[in-house]
Novice: 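Handing you this structure, nothing more for now.
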Amino acid sequence: MNIASVIVDVPAKQTDREFDYSIPDKWINVVKPGMRVIVPFGPRMVQGFVTGLKNETELKKLREIKEILDLEPVLNEELLRLGNWLTDETMCFRITALQAMLPAALKAKYEKVLRIHEGRKELVDERVRAAFRDRKFISWKDVLQEDNAALFQKQVQKGNLEVIYYVKDKLNKKTVRFVEPLLTSEELAQYAGTLAASAKKQYEVLQFFIENPGKIQLRTLLEAVKASNGTIKALAKKNILAERDEEIYRDPYENRVFDKTSPFKLTEEQSAALRPIQKSIKENSHDVFLLYGVTGSGKTEIYLQAIDAVIKKGEEAIMLVPEISLTPQTVKRFKERFGEQVAVMHSGLSIGEKYDEWRKIHRKEVKVVVGARSAIFAPFENLGVIIIDEEHESSYKQEETPRYHARDVAIQRANQHNCPVILGSATPALESFARAKKEIYQLLTLSKRMNNSQLPQVEIVDMREELRAGNRSMFSENLFAKLKDRLQKGEQTVLLLNKRGHSSFVMCRSCGLVINCPNCDISLTYHRFNDSLKCHYCGHEEDIPKTCPECGSDHIRFFGTGTQKVEEELVKILPEARVIRMDVDTTSRKGSHERLLNRFQEGHADILLGTQMIAKGLDFPNITLVGVLSADTMLHLPDFRSSEKTFQLLTQVSGRAGRHKLAGEVVIQTYTPEHYSIELSGMQDFDAFYEREMHIRRQSLYPPYYYVALINISHEDLMKTAATTEKIAKYVSAGLSPEAMVLGPVASPISRIKNRYRYQCLIKYKREPQLKQLLRTLLEHYQQETAQNHLQISIDLNPQIMM
DNA sequence: AGCACGCCGACT
DNA sequence: GTCGGCGTGCTC
């Protein structure tokens, strides 16, 4: 086996295949599938993944693997297979799939630098030589910044300058400096006696080691003896002490003590739900369970006990949680139960921290991973269970390539490992519930809350009537009265507003002009924080115009309501209330999410005001009121799931109230109280909602009755975009069976982003075995135009959002 | 994706 | 004649 098949890190259609490399003799039996290597590719060096080994190839001449990056494969056999499955399933490049399964730290960085060719210094153009005066290497990137790039290029052509291609790891292993004595305590004491009288600090350090033998972290030592680095250095120089850097894990949860908890006693309902899961774990059978339990019904305890059973069996568990509810509170529950056996993975960690958590899994130092979507790729080898909490959450679908859904990956992996999958939710995705009803999934139901607490009382307030009654504020009489009441009682309130920023848009009252983003077809949002207008899509930022750019009038006004504005309003009407605002703006800094929640939990605030991110996972006993300021914001989005999303959000947020001893109340403000998703979420009646929504889906031919695939096309030129989409729609339509429907072309809901026009067409189908092949041919056909970046085509099978 | 190679128009 | 623009094709 002296030839390796390698997938190179060049995400392009033409390079999306294996390339063969010969393995240098010294590395035969060292190189294994799943390892990262550096290989020459054309004139440069690139990173690649070894996918297989073989003895023969059709090629006459092979180039050699230049370097091996891993001691152990980073992808095991199962994950390599999963990579192929992902590639096929999401129609991405193989390299993209492989990289998606690994932490970002393992992705290569490339650098191209120039150096004067040895012995040719005199031949180099003097202007170029001048640039090299104070350095040996010049980065090609820097050369391009300057206006004499051509000069350098010529020198390269002449062979006077050498081009070196670097492949660097993003990988940084964190090290900490340790100090340890090289002598025994007796020898140290003896030596201390010989020290000069002036070397007081050195004497103290030696005393320290006599009392505390063994290695110690340098920083701790310096603090303990109040010495400086120089003292240690001096002793090290005399070979009394040794300094050494040791690799450590960054522990995002260091300095935190988790009290060990034991399994709670389950209610009868919980036990009944856990039993079939345990059976499946015991028998290694690949079952998919849908754990359908109302908010507060104790799903987490079932997860914990299922994981416990898996650990006892010597196997491993993956626990997926939506990104926004991966709160310290959630993590705590798992750390408390399983202690050091838990790794945590979420976007709040730095690249290095994520890498360290990943390594704990890779080195089999942990048994459980709790994480967001990408944790589904945790490199465990004996999976015993995969759990997806809040399985309906759209964040389980990755919105960039590879566009995978963690639920599908979970089922695929569990199939390979012969282990069960548990999908949990109080408001399952329609697709999942339908599958449970068809007995593809096993339905487990929890209909009662724990602690015997009742589901909260929900009141729906018609804001149109409030307006008619002369109340123009954003709080209805009812909600305001209840807010005041809680304030008096010292109980807490959660207020949900599904919009960030201050106002949703800025308009001129004289001519009606709405200030739009110059690059995107979307209105700019006012941000009070720096008093500016911001585009949420391309990041464009500008000052608020003093006068209307269209008509010159100064009647510029803010419309719509954002969390910032509500906060200001609260200060006005309830000045005594202490408010914590949580949205993307206040939680962008690392750990701020946690800090705000802690403050709320500890009772330093009366009202928690926030966007969607507060709807999940909060479990605070003192919350007795939940207010939804405007339930309809999501309802009118151009998306066939908008009713489902609205129902889920309202039901979830309602579930935050009255989870413990105190009873909870919910006030939902809306302009469309008659809408079934609002009405039924008020009754917390998922089953009725399911029936109602399924009926609509059947009539309108949407999932779960039909599959959908979305093709997005973008181009700088509007006509070209429309024309190409038209052609694509025709082509797809012709290639599919008559039962399939192709809708469009239509302009995307946001018809322009970053100066590119966007069109889409939607395919609805039941069974089209040739669909993927057809789409692949389509991509191939436009390959040239997409390679030149004029045209972008993205295909999303089972899209979660229609933008 | 890069990068080389090659073909064409514009300039010393 | 040569420089540099971009279209074309290749990378084990």
Side-chain angles (χ1 to χ4, degrees), chain A residues 1-25 27-28 31-33 35-69 87 91-100 104 107-114 125 127-128 139-168 170 400-402 716 720 779-794:
Chain A
M1 297 293 202
N2 56 351
I3 296 171
S5 301
V6 175
I7 296 285
V8 292
D9 180 17
V10 183
K13 191 86 224 154
Q14 292 167 85
T15 51
D16 188 26
R17 59 187 177 88
E18 285 166 344
F19 288 83
D20 292 345
Y21 287 88
S22 70
I23 304 172
D25 288 345
W27 287 336
I28 288 177
V31 174
K32 294 184 195 112
M35 282 184 174
R36 295 170 308 140
V37 288
I38 296 175
V39 291
F41 195 64
R44 59 203 168 119
M45 293 289 163
V46 296
Q47 195 189 80
F49 288 87
V50 177
T51 52
L53 300 176
K54 54 188 182 181
N55 279 317
E56 281 165 41
T57 179
E58 287 115 59
L59 289 131
K60 281 179 237 92
K61 194 128 179 46
L62 293 184
R63 298 175 81 179
E64 279 191 345
I65 289 177
K66 165 125 186 297
E67 209 174 308
I68 308 178
L69 293 172
T87 306
M91 311 221 319
C92 66
F93 302 128
R94 282 187 75 186
I95 187 67
T96 315
L98 296 179
Q99 284 171 347
K107 225 187 133 179
K109 277 197 305 193
Y110 298 99
E111 211 189 353
K112 182 180 170 186
V113 298
L114 302 178
D125 180 283
R127 279 166 292 178
V128 173
S139 158
W140 180 245
K141 236 163 115 197
D142 295 342
V143 172
L144 288 176
Q145 297 290 306
E146 293 175 43
D147 39 7
N148 56 356
L151 268 174
F152 284 80
Q153 209 164 25
K154 196 160 291 165
Q155 295 300 309
V156 171
Q157 268 165 23
K158 283 189 182 162
N160 296 339
L161 289 184
E162 200 180 354
V163 185
I164 302 165
Y165 294 90
Y166 279 119
V167 181
K168 283 201 278 190
K170 276 196 185 141
E400 310 103 59
T401 47
E716 293 155 354
K720 183 83 185 160
L779 287 177
E780 209 126 318
H781 181 258
Y782 286 101
Q783 186 211 305
Q784 243 175 24
E785 272 174 281
T786 47
Q788 291 163 126
N789 202 29
H790 295 136
L791 187 68
Q792 277 171 22
I793 304 177
S794 85

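Lettering of chains follows the sequences in order, A, B, ..., and the numbering in each one begins at 1. Because only heavy atoms are used, hydrogens play no part in the values below, and waters and symmetry mates are left out as well, while side chains stay in.
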Novice: Kindly determine whether A:T51 and A:R94 satisfy side-chain contact (heavy atoms from CB on, under 4.5 Å), including the steps that lead there.
Specialist: CA-CA 11 Å; A:T51 52; A:R94 282 187 75 186; 3.9 Å; yes
Novice: Taking any atom closer than 4.0 angstrom to a non-hydrogen atom of chain A, what span of DNA chain C does the protein reach, first nucleotide to last?
Specialist: C:dC10 to C:dC12
Novice: Between A:E111 and A:K141, is the closest basic N to carboxylate O distance under 4.0 Å?
Specialist: no
Novice: In this structure, are over 12 heavy atoms from other groups packed under 6.0 Å from A:K720 atom NZ?
Specialist: no
Novice: Walk along nucleotides 1-12 of chain B from 5' to 3' and tag each nucleotide B, S or - by protein heavy-atom contact under 4.0 Å, base first, then sugar-phosphate.
Specialist: BSS---------
Novice: Below 4.0 angstrom, N of the basic side chain to O of the carboxylate: do A:D20 and A:K54 qualify?
Specialist: yes
Novice: Using a 4.0 Å heavy-atom cut-off across all strands, classify A:L62 as base, sugar-phosphate, or nothing.
Specialist: sugar-phosphate
Novice: Do other residues, nucleotides or ligands put more than 12 heavy atoms under 6.0 Å from A:R63 CZ?
Specialist: yes
Novice: Rounded to the nearest 0.5 Å, what separates atom CG in A:L151 from atom CZ in A:R127?
Specialist: 4.5 Å
Novice: Name the residue closer to the 5' end of DNA chain C, choosing between A:R63 and A:H790 according to the nucleotide with the nearest heavy atom.
Specialist: A:H790
Novice: Just to verify, what does A:Q153 make a side-chain hydrogen bond (donor to acceptor under 3.5 Å, both in side chains) with, not counting sequence neighbours?
Specialist: none
Novice: Taking the six-membered ring of A:F19 as reference, does the NZ or CZ atom of A:R17 fall below 6.0 Å from its centre and within a 45° cone about the axis?
Specialist: yes
